[in-house]
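Below you'll find the structure, written out as structure tokens, and then a few comments.
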Amino acid sequence: MMEHSLYRQIAIEGNIGAGKTTIANRLGKALEAKVILERFENNPFLPQFYADKERYALQVELFFLADRYQQLSKELLGDIFQEYTVYDYHFAKSAIFSSLNLANHELDLFRNLYSVMERFIPKPDILIYIHHGLERLSNHIDQRGRGIEDNIPKPYLEQIHLNYMRHFKEQRHFPIIVLDFEYSQAHSADDVLVQVKSVLQNNWPNGISILSC
């Protein structure tokens with residue numbers, strides 16, 4: 001059990017394989033919080049996307065955009081009496097991945113839709129981004145054994161991380177804490193959770209702060 005957090009709405013983010021869902025669930029239990037998990041398995045275009053990214057990128061991103069909007073607009077606005085809420089993705093994930101997977105007119109279309117929806121989604125009180133090195137991410141992806149994620153290229157994972165960092169550097173509305181485990185020997189879920197709990201006990205300035213763990 002965790003006695004308290006200075007932040008009520010807590011977003012956990014990270015690359016594919018960073019352990020977001022595990023940490024969100026464990027933190028939610030510690031805080032007796034409402035937990036909101038991304039419904040990625042609902043996306044019918046995801047298997048086709050991993051097989052043929054250029055052909056199915058727009059479909060997969062539009063489905064995620066609509067589903068994330070529906071889920072977050074309902075869950076974040078629907079329970080004003082819940083003391084804490086923990087969720088394992090931030091709505092901006094749609095903007096971050098679309099900028100990697102789409103181009104030209106498709107990206108323009110997506111950005112127009114995103115900008116309309118984004119204004120209605122509440123901002124988190126704090127966002128914690130879990131960063132692991134590429135080798136560790138690949139190992140985590142292999143260990144969880146989701147067939148559609150087989151053979152995700154490391155350059156793709158690296159670009160996802162760079163897109164997150166680029167996006168975070170432009171944000172000034174809430175604190176963004178990057179927990180950097182890339183060169184750490186302490187990287188289990190227990191290790192990460194200890195760092196996450198520590199972050200939530202302190203006041204942070206808006207914008208990005210990077211902590212080497």
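What's counted below: heavy atoms across the whole structure, side chains too, no hydrogens, waters or symmetry copies.
- Listed for the Arg136 side chain is a donor-acceptor partner under 3.5 Å among the backbone atoms of Phe181.
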Any chance you could lay out the side-chain contact (heavy atoms from CB on, under 4.5 Å) test for Asp108 and His105, step after step, and finish with the verdict?
-> CA-CA 5 Å; Asp108 292 339; His105 297 307; 4.3 Å; yes
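- Under the 30°/60° scheme for interplanar angles, the aromatic rings of Phe45 and Phe63 are found to stand perpendicular.
- Counting only distance, with no hydrogens or angles, the side chain of Tyr87 and the backbone of Ala24 share no donor-acceptor pair below 3.5 Å.
- When atom types are taken as modelled, the side chain of Asp191 and the backbone of Ser188 share a donor-acceptor pair closer than 3.5 angstrom.
- Contact between Ser94 and Arg68 at its shortest, heavy atoms only, is OG-NH1, 2.9 Å.
- One finds no salt bridge joining Glu13 and Lys93 here, because no Lys/Arg side-chain nitrogen approaches an Asp/Glu carboxylate oxygen to under 4.0 Å.
- Linking Ile, Leu, Val, Met, Phe, Trp and Tyr residues whenever their side-chain heavy atoms come within less than 4.5 Å leaves Val178 and Val194 in two separate clusters.
- The main-chain N or O of Gln48 is never found under 3.5 Å from a side-chain atom of Asp52 such that the two would form a donor-acceptor pair.
- With hydrogens and angles left out, the side-chain atoms of Arg166 and Asn163 include a donor and acceptor closer than 3.5 Å.
- Using bins of under 30°, 30° to 60° and over 60° for the plane-to-plane angle, the ring pair Tyr114/Phe91 lands in the parallel bin.
- Neither Val35 nor Leu200 shares a network with the other; the hydrophobic side chains, linked directly or stepwise wherever heavy atoms of I, L, V, M, F, W or Y lie under 4.5 Å apart, form separate groups for each.
- A heavy-atom distance below 4.5 Å is not found between the side chains of Glu83 and Leu31.
- Linking ILVMFWY side-chain heavy atoms closer than 4.5 Å, directly or via other members, places Leu37 and Tyr129 in two distinct hydrophobic clusters.
- At least one donor-acceptor pair under 3.5 Å links the side chain of Asp125 to the backbone N or O of Gln9.
- Residues Phe64 and Phe97 place their aromatic rings such that the two centres sit no closer than 6.0 Å.
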Check the pair Glu61, Leu65 against side-chain contact (heavy atoms from CB on, under 4.5 Å), reporting the backbone distance first and the verdict last.
-> CA-CA 6 Å; Glu61 294 298 344; Leu65 179 68; over 6 Å; no
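- Side-chain contact annotation: Asn101 with Tyr156, donor-acceptor N/O pair under 3.5 Å present.
- Between Phe168 and Tyr164, the ring planes lie tilted relative to each other; the angle falls in the 30° to 60° range.
- Using modelled atom types, one side-chain atom of Lys20 and one backbone atom of Asn15 make a donor-acceptor pair closer than 3.5 Å.
- Look at Lys154 and Glu135 and you find a salt bridge, because one of the NZ, NE, NH1 or NH2 atoms lies within 4.0 Å of a carboxylate O, short of that distance.
- Here the closest heavy-atom approach between residue Asn206 and residue Pro175 is recorded as OD1-CD, 3.5 Å.
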